[in-house]
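Here is the structure we will look at.
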Amino acid sequence: MRLEFIPVDYDYFDFEGKNFIRLIGRTSKGERICVIDSYEPDFWVILKKEYEDKAPFVAQHIQKVEVKKAGRTTRVLKTEVHDKKFLGRKVKAIRVFVTNHKDAHDIASEIGDMKEIEFRREYDIPIITKYIKEKKVEPLKWYTLEGSLLGEKDFGGIVNSLDMKIFVRAENFSEMKTKNEFKPKILAFDIETDDTEIGKGDILMISVFGSGIKKVLTWKKCTECQNYVDFFRNEKEMIEGFIKLVKEYEPDILTGYFSDGFDLPYLKQVCVKNKIRLSLGLDGTEPVFSKGIIRSGKISGLVHLDLFRFISAVYSQYLQSETLSLNEVAGELIGENKKNFSFEKLSSMSATDWKDFFEYNLQDSKLTYLLAEKLWADIFAMSHIIKEPLFDITRDRMSSHVENYILHNLERFNEIAEKRPVYEDIHKRKALGKYEGAYVLQPVPGLYEDMCVFDFTSMHASIIVSFNLSKSTFLEREGKESYKTPEFLFDGKKSVFYFSKEKGFFSELLEEIVELRKKYKKEYIKDRSNLLKARSNAYKLLANASYGYLGFFGARYYCREAAASTLAFVRDFSKKSIQRMKDEGYNVIFSDTDSVGFQLNGKTKKHTKELLKRINSELPGIMELDLEGFYDRGLFVAKRTAKEGAKKKYALIDEKGNLKIRGFETVRRDWCRLTRNLQNDVLKSILKKGSEKEASKIFKEVVEKIKKREVDLKDLMIRTQLRRPIGEYVSEGPHVIAAKKMKEKEIPVSEGMLIEYFIGENKGRGKRVGDKVFLPDEKADYDIDYYLNNQIIPSVENIFEVFGVDVKEISQGESQKKLF
DNA sequence: GGAGTTCGCATACC
DNA sequence: ACAGGTATGCGAACTCC
């Protein structure tokens with residue numbers, strides 16, 4: 001038979017000791033389908049140079065290897081001798097096929113002491129990645145599938161164990177180049193509980209939202225409730241109802257927001273309590289949670305997607321949101337928020353309270369669903385480009401994405417993959433110190449007019465490409481044809497590193513990534529489709545993460561020398577650009593890593609743009625300097641502790657009146673609203689008017705308001721993240737004290753939470769700020785002196801200092817007036 | 001026990 | 001453990017007399 005098929009989820013199983021891959025997807029008619037494909041597990045053995053002519057002999061020897069383990073005997077099935085490359089070097093390699101992927105590691109260990117063998121590789125790549133790499137059946141791509149329908153008895157009766165209609169044994173896949181759209185069936189869900197701690201409380205309700213479905217399932221009684229509420233006799237039946245609903249809806253994706261960490265494990269715990277199984281899997285299995293710090297819940301046969309995970313790992317850098325709460329993220333991305341419901345009511349709920357609670361619960365699922373739809377293009381593009389299944393795409397961090405991209409493209413270079421660092425490697429790598437980073441120019445405090453900013457496009461990536469920096473191209477000494485880094489301090493020693501001019505796969509792949517990013521960005525500008533934008537973004541993310549990957553201790557292609565060399569070039573180009581702009585008669589004000597900001601000094605914008613063109617024609621490789629923008633004014637302040645200018649802190653205004661504020665308290669979430677708003681208003685006023693006159697009025701008004709206790713407590717709340725368990729803090733800052741208070745009051749506190757508190761008057765109880773910490777619902781008068789001296793004055797002091805104005809005098813003047 | 005200094009911590013920039 | 005280094009600035013905790 002032949003049909004059109006798109007793989008969505010990948011899994012594997014053993015049958016008669018062999019590995020088989022199970023693909024779950026859809027046909028072009030929209031039917032859910034299970035495809036079984038065979039896979040021959042293998043790994044590579046690389047021979048030492050001097051034993052290359054012994055390859056057939058070594059292969060023969062390996063062929064006989066057997067490992068007995070857990071009552072099972074693993075054999076080498078066959079061996080093949082190949083000419084391959086490893087880290088760009090030509091090698092003689094033996095491809096070793098084994099009975100089971102799980103045993104590749106054991107066989108590799110068994111032959112580890114053979115003197116002819118230099119390396120053993122690729123036994124540590126996950127089976128699904130190897131399968132996709134080998135068979136080229138890539139996620140979310142359409143294929144014409146040839147195969148045969150499975151019978152009742154095939155593969156131990158898989159047809160009956162899996163809740164699905166079509167089962168096919170694959171014989172051949174051919175990619176359909178023209179077809180590339182896919183809209184998955186998504187179901188979002190969310191639970192509400194009476195205790196936030198997993199395993200402690202009951203699940204009161206479960207909401208689901210999908211195309212053509214919106215429901216709240218509950219066992220709480222409520223007469224005259226919304227028609228989307230389904231009532232059950234008890235918690236157990238509600239959960240069974242949920243499982244049934246998911247099965248009948250047949251989603252490709254079941255999505256939640258923080259469902260890896262809350263909804264799914266909570267459901268599982270409650271099932272244990274009720275002595276039922278959370279059999280969401282198409283094969284009737286329960287979700288399986290991976291080990292590790294962040295646990296991921298895998299449901300067999302469908303994709304469980306935790307949107308929070310994807311957003312926090314990959315997407316958050318595009319967001320303005322200060323927290324990644326569903327409310328804030330949904331507000332930003334889809335312009336809709338959570339419903340209000342106060343959880344204090346839980347102990348005594350009226351009928352209308354339940355009504356509100358159901359609506360609240362449903363809204364969370366709705367927001368999650370809308371977010372999934374919104375982010376689908378990005379997730380789809382990532383999965384396409386990186387060639388990993390949705391489950392992993394939505395949970396992996398950027399380092400894994402970069403690495404998987406490399407792994408899936410190595411074959412074009414005839415390369416055998418490097419091994420993953422083992423624990424000892426990681427330990428060693430982490431013990432090595434930091435290497436010198438980028439250059440930041442210290443500005444002179446002041447208000448500057450007629451400014452312009454240039455910055456290098458994807459600076460690190462373009463340097464890696466232009467100078468071929470990577471593990472495989474790093475040379476121990478100068479070669480005939482090699483790139484030379486500027487001299488720099490490396491581990492306390494003046495060093496110069498050399499990299500081969502013969503293109504390595506790392507820089508070649510990165511160059512492609514940069515090119516593809518340019519291409520899709522151009523296409524997107526012509527045809528503003530979500531998919532083109534998502535593609536362009538995905539390539540941009542990969543390009544930007546590639547440098548970090550080189551220096552990341554967990555990377556297969558970790559190369560500290562290449563990472564440090566990249567930064568040596570970054571510093572070199574940065575300083576050269578600064579000098580160049582000075583030489584051209586501009587007044588350079590600031591610079592950070594890849595940017596240079598300067599005053600035009602009477603030169604025209606046209607002249608400046610032409611200079612930029614000239615500079616670009618002189619830059620090597622794919623390096624490119626870009627016009628970031630022209631600005632009417634820019635404000636730079638001194639550090640609080642010293643007279644000198646503060647780095648990474650500035651405010652610019654363009655001709656349209658748009659502000660660009662960096663580093664100031666305004667953009668920091670651990671300062672109270674009042675301070676942030678005041679500083680923002682002060683900056684805006686100064687940049688618009690070019691003087692501080694009006695700004696000082698604004699300041700005086702706020703000082704008055706504070707002193708008269710007219711400020712809303714809401715605007716005085718300080719929010720600080722609790723980044724570790726309370727007990728692990730060496731130093732007890734105010735937010736830790738606030739967290740302890742919360743714990744005493746049995747308000748749930750957990751790592752990663754934003755702790756909210758204000759500073760109130762607390763006569764004579766210690767002199768730490770922490771001794772004056774109050775939680776939002778505690779009654780206390782706010783501490784006028786604290787908010788004056790530790791919040792608003794510090795936030796504007798250095799700004800007014802630029803104009804020679806002492807705000808302390810102003811504020812004291814105000815208090816004098818008040819005294820009179 | 002107060003002033004000065006160092007250190008821990010959170011958050012920002014690129 | 002889950003990309004890197006550079007930087008500011010608060011408040012606690014220490015040092016010193």
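To find a chain, count down the sequence lines: A is the first, B the second, and so on, and within it residues start at 1.
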Check every strand shown and say whether A:F590 touches a base, only sugar-phosphate, or nothing at a heavy-atom separation below 4.0 Å.
nothing
Under 4.0 Å from OP1 or OP2 of B:dT11: is there any side-chain N or O of A:R669 that close?
yes
Using ring centroids (six-membered ring only for Trp), state whether A:F598 and A:F454 fall under 6.0 Å.
yes
Using whole Å, what does the distance between atom P of nucleotide B:dA12 and atom CD of A:Q320 come to?
12 Å
Just how far, in rounded Å, is P of B:dA10 from CD1 of A:I737?
13 Å
Please confirm whether the ring centroid of A:Y435 lies under 6.0 Å from the ring centroid of A:F490.
no
Could you tell me whether A:G554 contacts a base, only the sugar-phosphate backbone, or nothing, with contacts defined as non-hydrogen atoms closer than 4.0 Å?
nothing
May I ask you to say what A:S399 touches in the nucleic acid, namely base, sugar-phosphate or nothing, with a heavy-atom cut-off under 4.0 Å?
sugar-phosphate
Just how far, in rounded Å, is C1' of B:dC14 from CG of A:D455?
10 Å
Is a donor from one side chain sitting under 3.5 angstrom from an acceptor on the other, for A:R395 and A:H304?
yes
Applying a 4.0 Å non-hydrogen cut-off, can you work out what A:K434 is touching in the nucleic acid: base, sugar-phosphate, or nothing?
base
Specify the separation, in whole Å, of atom NZ of A:K767 and atom C1' of B:dA3.
11 Å
Look at the rings of A:F699 and A:F800 and say which category their plane angle falls in: under 30° parallel, 30 to 60° tilted, over 60° perpendicular.
tilted
For the rings on A:Y650 and A:F636, is their centre-to-centre separation under 6.0 Å?
yes
Between P on B:dC13 and CZ on A:F456, what's the gap in Å once rounded to a whole number?
22 Å
Of all nucleotides in DNA chain C with an atom under 4.0 Å from a non-hydrogen atom of chain A, which is the first and which the last going 5' to 3'?
C:dA1 to C:dA13
Looking only at heavy atoms, which two atoms of A:H460 and A:T566 are closest? And how far apart?
O-CG2, 3.9 Å
Within residues 786-795 of chain A: residues closer than 4.0 Å to DNA chain C (heavy atoms)
A:Y786, A:N790, A:P794
Below 6.0 angstrom between ring centroids: does that apply to A:Y549 and A:Y557?
no
Remember a base hit wins even if backbone is also touched, and classify A:R768 as base, sugar-phosphate or nothing at under 4.0 Å, heavy atoms.
sugar-phosphate
Find the distance A:D670:CG to B:dA12:P and express it as a whole number of Å.
6 Å
Just wondering, are more than 12 heavy atoms of other shown residues or ligands nearer than 6.0 Å to NZ in A:K419?
yes
NA contact type, A:A438, heavy-atom cut-off 4.0 Å: base, sugar-phosphate, or nothing?
sugar-phosphate
Ring of A:F573, cation from A:K576 - is the NZ or CZ under 6.0 Å from the centre and inside 45° of the axis?
yes
Separation of B:dA10 atom C1' from A:L722 atom CG, nearest Å, is 11 Å
Please write out each protein N/O paired with an N/O of nucleotides 6-9 of chain B under 3.5 Å, distance rounded to 0.1 Å.
unit_1, atom_1, unit_2, atom_2, d
B:dC9, OP1, A:R724, NH1, 3.3
B:dC9, OP1, A:V730, N, 3.0
B:dC9, OP2, A:R724, NH1, 3.0

As a quick check of understanding, evaluate salt bridge (charged side-chain N to carboxylate O under 4.0 Å, His left out) for A:E751 and A:R724, giving each step before the final call.
CA-CA 5 Å; A:E751 223 180 309; A:R724 59 188 70 171; over 6 Å; no
For A:G548, report the nucleic acid contact type (base, sugar-phosphate, nothing); a contact means any heavy atom under 4.0 Å.
base
Mind checking if A:Y435 touches a base, just sugar-phosphate, or nothing, with heavy atoms under 4.0 Å?
sugar-phosphate
Do the charged groups of A:R556 and A:D124 touch, with an N to O distance under 4.0 Å?
yes
Take the protein atom CD of A:Q442 and the nucleotide atom C1' of B:dC13, then report the distance between them rounded to whole Å.
15 Å
Would you sort out whether A:D491 and A:R560 count as a salt bridge (charged side-chain N to carboxylate O under 4.0 Å, His left out), showing the intermediate values?
CA-CA 11 Å; A:D491 291 341; A:R560 191 160 168 267; 2.7 Å; yes
